[in-house]
Visitor: 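First, the structure itself, so that you have it in front of you.
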2 protein chains.
Amino acid sequence: MNVRAGGQDGEIPDENLLDHDDCALVRGVLARAGDKWSILVLRILGDGPTRFNALQRAVGGISQRMLTVTLRHLERDGLVSREVTPSKPPRVDYALTSLGQSLREVTEPIGQWALANRGEIEGARIRYDAADL
Amino acid sequence: MNVRAGGQDGEIPDENLLDHDDCALVRGVLARAGDKWSILVLRILGDGPTRFNALQRAVGGISQRMLTVTLRHLERDGLVSREVTPSKPPRVDYALTSLGQSLREVTEPIGQWALANRGEIEGARIRYDAADL
DNA sequence: CGGGATCCGTAAAGATACTG
DNA sequence: CAGTATCTTTACGGATCCCG
């Protein structure tokens, strides 16, 4: 979020930070990536093009409608491509676009972070919840 | 059974990829970061400890309630600390914890990505929206 | 000053049933 | 097979009033 290159450590000088509008953009991306099914779908599509029903089976627990909605969102943002093969029965393959792949790469560190810090997060929650019963 | 179709991209070792269960965790983190105000608050707190009203002014457009709710969530997850100075009038400073700072560092690449690809995303949306009127 | 509590409107989630 | 349509439910977010 902060645009300076270089240093990794604690203090972050101001200026050079994203303005309010840019935050909305970032938030939009995070919100899309953070909705209930998107990352699951993105992950599975990372294995290669997949058909609708295969996707639904792979995700597990997603309703048809939510899969459709999720795919539409991802498609709209140019993260996923949709290829129709008119046959009988019809066949539709979804795949990651290069944009989608690049997003996956960038979100991956967050996965690492979440795994590395899950204990801390859960601990913090337990402490917090215990504090004000 | 994991991701990674080779592409034009950097390498992501298989062992670092998330399995199905971990996706829920990652999604939780992304959803928290992606809610309407969190990244704004995180950014401002990155500049240093800030009081409630200063935060509200800095964010701009957030209601008192949503700021409170957002701060409680961040605090619960251990991303933000809350320090009360009992005086008159009372003073409460919020600050990033080290966990919060580390999250900011990890989410920063997404900010970069969003900015770098905003044109592509917007273009994709326009194309998508134009396609099925 | 820094909230908590409550109410309300909207928008998104989700299941189910139906269709080309 | 791959959706769309319809409906119900839930969560988000804003406004307002109140309190220590």
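Naming convention: chains lettered A, B, ... in sequence-line order (proteins, then strands); numbering from 1 in each chain.
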Visitor: Please determine if a side-chain N or O atom of B:Tyr94 lies less than 4.0 Å away from the OP1 or OP2 oxygen of C:dG3.
Guide: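 For C:dG3, OP1 or OP2 has a side-chain N or O of B:Tyr94 closer than 4.0 Å.
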
Visitor: Check the distance between D:dG3's C1' and A:Arg72's CZ and give it to me in whole angstrom.
Guide: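 It works out to 8 Å between those atoms.
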
Visitor: Expected output is a numbered-order residue list: members of residues 57-65 of chain B with a heavy atom under 4.0 Å from any atom of DNA chain C. What is it?
Guide: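 Going residue by residue through residues 57-65 of chain B, the ones with a heavy atom under 4.0 Å of DNA chain C turn out to be B:Gln64, B:Arg65.
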
Visitor: If we ignore hydrogens and angles and just use 3.5 Å, is the side chain of B:Thr50 paired with the main-chain N or O of B:Leu45 as donor and acceptor?
Guide: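 Such a contact is absent between B:Thr50 side chain and B:Leu45 backbone.
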
Visitor: What is the distance from CG of A:Leu55 to P of D:dC1, rounded to the nearest Å?
Guide: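 Going from A:Leu55 (CG) to D:dC1 (P), I get 14 Å.
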
Visitor: More 5' along DNA chain C: A:Pro90 or B:Ala54, using each one's nearest nucleotide?
Guide: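 Looking at the nearest nucleotide for each, B:Ala54 comes out on the 5' side.
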
Visitor: Using side-chain heavy atoms (C-beta onward) and a distance below 4.5 Å, is B:Arg51 in contact with B:Tyr94?
Guide: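 No; the side chains remain at least 4.5 Å from each other.
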
Visitor: Do side-chain atoms of B:Gln56 reach the backbone of B:Ile62 as a donor and acceptor pair under 3.5 angstrom?
Guide: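 Yes: the side chain of B:Gln56 pairs with the backbone of B:Ile62.
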
Visitor: Do B:Leu71 and B:Arg82 touch side chain to side chain, with heavy atoms closer than 4.5 Å?
Guide: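 No; the side chains remain at least 4.5 Å from each other.
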
Visitor: Hey, does the side chain of A:Thr70 reach the backbone of A:Ser38 with a donor-acceptor pair shorter than 3.5 angstrom?
Guide: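 No; judged by distance alone, with no hydrogens or angles, the pair does not exist.
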
Visitor: Measure the SG-NZ distance between A:Cys23 and B:Lys36 for me, rounded to the nearest 0.5 Å.
Guide: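 Result: 13.5 Å between the selected atoms.
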
Visitor: Which one, D:dA2, D:dC1, C:dG2, comes nearest to the side chain of B:Phe52?
Guide: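 For the B:Phe52 side chain, the nearest candidate turns out to be C:dG2.
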
Visitor: Nearest whole Å is fine: how far is C:dA13 P from B:Asp35 CG?
Guide: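 Rounding to the nearest Å, CG of B:Asp35 and P of C:dA13 are 14 Å apart.
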
Visitor: Side-chain N or O of A:Trp37 less than 4.0 angstrom from OP1 or OP2 on C:dG14?
Guide: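 Affirmative; the distance criterion is met.
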
Visitor: Could you check which of D:dG3, C:dG14, C:dC1 has an atom nearest any side-chain atom of A:Met66?
Guide: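 Comparing D:dG3, C:dG14, C:dC1 against the side chain of A:Met66, the answer is C:dG14.
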
Visitor: Salt-bridged, A:Asp129 to A:Arg127, with N to O below 4.0 Å?
Guide: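 Answer for the salt bridge query: no.
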
Visitor: Over how many whole Å does the gap from B:Asn53 atom CG to C:dG3 atom C1' extend?
Guide: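 Those two atoms, CG and C1', are 10 Å apart.
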
Visitor: To the nearest Å, how far apart are B:Leu67 CG and D:dC12 C1'?
Guide: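 It works out to 16 Å between those atoms.
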
Visitor: Starting from C1' on D:dC12, measure out to NE2 on B:His73 and report it in whole angstrom.
Guide: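 Going from B:His73 (NE2) to D:dC12 (C1'), I get 10 Å.
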
Visitor: Is the closest side-chain heavy-atom distance between B:Arg118 and B:Glu122 below 4.5 Å?
Guide: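 A side-chain contact under 4.5 Å exists here.
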
Visitor: Would you say A:Asp77 and A:His73 make side-chain contact, with heavy atoms under 4.5 Å?
Guide: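 Side-chain contact under 4.5 Å: no.
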
Visitor: Could you check whether B:Thr68 gets within reach of a base, just the sugar-phosphate, or nothing at all, counting any heavy atom under 4.0 Å?
Guide: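 Touches sugar-phosphate only.
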
Visitor: D:dC1 P sits how many Å from A:Gln56 CD, rounded?
Guide: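 Checked: the CD to P distance equals 10 Å.
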
Visitor: Please map the stems of DNA chain C, keeping only stretches of three or more Watson-Crick or G-U wobble pairs with both distances under 3.5 angstrom.
Guide: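 For DNA chain C the paired stretches long enough to count as stems (3 pairs minimum) are C:1-20 with D:1-20.
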
Visitor: Scan side-chain atoms only and decide if A:Glu108 and A:Gln112 contain a donor-acceptor pair under the 3.5 Å cut-off.
Guide: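 There is such a pair between these side chains.
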
Visitor: Expressed as a whole number of angstroms, how long is the span from B:Glu75:CD to C:dG2:C1'?
Guide: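 After rounding, the reported distance stands at 13 Å.
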
Visitor: Identify whether any heavy atom of A:Lys36 sits under 4.0 Å from a base atom; if not, whether one sits that close to sugar-phosphate; answer base, sugar-phosphate or nothing.
Guide: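 Here A:Lys36 touches the backbone only, sparing every base.
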
